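What follows is one structure encoded as structure tokens, with my remarks underneath.
Below, each value reflects all heavy atoms present in this structure, side chains not excepted, and no hydrogens, waters or symmetry copies. These numbers come from a predicted model, not from an experiment.
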Amino acid sequence: MMTTPALAIVMTLAAYMLSLSLYRWMRCPSWAPPMLTGSVMLAGFIVMLPVDYDSYYLDAHWLTLLLGPATVGLAVPLYEQFQHIKQLLIPVTVSLIVGSITACAATLLIAWALGVSPPILASLAPKSITTPIAIGVSEGLGGYPGLTAGIVTVTGIFAASIIPPMAALLRCQDPRVMGLALGLNGHGLGTARGFGIDAQTGAFASLAMALNGALSAILLPLLAGWLTH
């Protein structure tokens, strides 16, 4: 048992620094982001040290509050690319609405048809939303936030890994299209991947991630509620 949050903070920071160094040493592969490798390292620390997960979660929970300001900080590149975004307002809006509804509905309908229980459905529903919003939506729907966080991570890694090669295969070289696809499907991890390509791709990924999160927070309770009754 931990009696001070200091150990939880040190463990979290150590896992992050080590995973970031590993990521750079491996030349930044999209399939092994620091979020994934850091989580694995942190789980190893919890197993090896005299720490139980509940105590760690309580002591380190405040760190998740930093996700909100970090997400808001993405407004800076959005502002810098505002002229490009304004010129494509209608196609961007339509693409986001269709993509958001499709991503959510397809997942829920397949899981519902397979007989998945309501709490698991609620946990799966926000898989394409950035983590802070996804956890809140999952809790509100009666899902398991821990499961949701894991599903969000897997979804982001898959999207960030598969979208760039798919775009190359389809000969799509427009950074705006690439950014929208990454942000809509890969949320934070997809957005990070977008900024790794160029500023315009990252800005459009930020836009897609933010608007998809807001739209999904409104639509998901309605769709999930209909499927769970």
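- When all heavy atoms of Pro34 and Ser19 are compared, the closest pair comes out as O-OG, 3.4 Å.
- Leu22 and Phe45 fall within the same hydrophobic cluster, defined by Ile, Leu, Val, Met, Phe, Trp and Tyr side-chain heavy atoms under 4.5 Å apart, directly or through other members.
- Atom CD1 of residue Ile162 and atom CD1 of residue Ile157 lie 13.5 Å apart, to the nearest 0.5 angstrom.
- Under a cut-off of 6.0 angstrom, the local environment of CD1 in Ile90 is sparse, with at most 12 non-hydrogen atoms contributed by other residues, nucleotides or ligands.
- The CG atom of Leu13 sits 12.0 Å away from the CG atom of Leu20 when rounded to the nearest 0.5 Å.
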> Between Val152 and Ile129, does a side-chain contact (heavy atoms from CB on, under 4.5 Å) hold up when you go through it step by step?
Replying inline: CA-CA 7 Å; Val152 167; Ile129 315 177; over 6 Å; no

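- Across all non-hydrogen atoms, the minimal contact from Val177 to Cys172 is CG1-SG, 3.7 Å.
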>> Set out, in order, the CA-CA distance, both residues' side-chain angles and the distance that settles side-chain contact (heavy atoms from CB on, under 4.5 Å) for Ile120 and Leu147, then state yes or no.
In response: CA-CA 8 Å; Ile120 302 298; Leu147 178 59; 3.7 Å; yes

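- Side-chain heavy atoms closer than 4.5 Å link hydrophobic residues (I, L, V, M, F, W, Y) into clusters, and following such links, possibly through other members, connects Leu42 to Met48.
- For Met178 against Thr201, the heavy-atom pair with the smallest separation is CG-CG2, 3.8 Å.
- Of all non-hydrogen atoms in Ser123 and Tyr144, the two that sit nearest each other are OG-N, 2.7 Å.
- Atom CZ of residue Phe195 and atom CG of residue Leu182 lie 11.0 Å apart, to the nearest 0.5 angstrom.
- The local environment of OH in Tyr23 is crowded, with over 12 non-hydrogen atoms from other residues, nucleotides or ligands closer than 6.0 Å.
- Between Ser128 and Asn185, the side chains place no donor N or O within less than 3.5 Å of an acceptor N or O (distance only, hydrogens not considered).
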>> Working note: Thr155 + His187, criterion side-chain contact (heavy atoms from CB on, under 4.5 Å); need CA distance, chi angles, decisive distance, verdict.
In response: CA-CA 9 Å; Thr155 301; His187 42 80; 4.2 Å; yes

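- Pro145 and Glu139 make their closest contact through CG-CG, 3.2 Å (heavy atoms, listed as atom of the first residue, atom of the second, distance).
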>> If you apply the rule side-chain contact (heavy atoms from CB on, under 4.5 Å), what do you find for Arg193 with Leu189, and how did you get there?
In response: CA-CA 6 Å; Arg193 176 66 168 164; Leu189 291 173; over 6 Å; no

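- Residues Met26 and Ala32 approach most closely at CE-CB, 4.4 Å, considering heavy atoms.
- Atom OG of Ser21 and atom OH of Tyr16 lie 9.5 Å apart (nearest 0.5 Å).
- Follow the hydrophobic side-chain contacts under 4.5 Å out from Met166 and you reach Ile163 in the same cluster.
- Side-chain atoms of Ser100 never come within 3.5 Å of backbone atoms of Ile97 as a donor-acceptor pair (strictly under, hydrogens ignored).
- To the nearest 0.5 Å, atom CG of residue Leu124 and atom OG1 of residue Thr148 are 7.5 Å apart.
- When atom types are taken as modelled, the side chain of Ser138 and the backbone of Ala134 share no donor-acceptor pair closer than 3.5 angstrom.
- Cluster annotation: Met41 and Trp25 are assigned to the same hydrophobic cluster (Ile/Leu/Val/Met/Phe/Trp/Tyr, side-chain heavy-atom contacts under 4.5 Å, transitive).
- Taking OH of Tyr56 as the start and CG of Leu49 as the end, the distance is 11.5 Å to the nearest 0.5 Å.
- In the hydrophobic clustering of ILVMFWY residues, with side-chain heavy atoms under 4.5 Å counting as a link, Met11 and Leu18 come out together.
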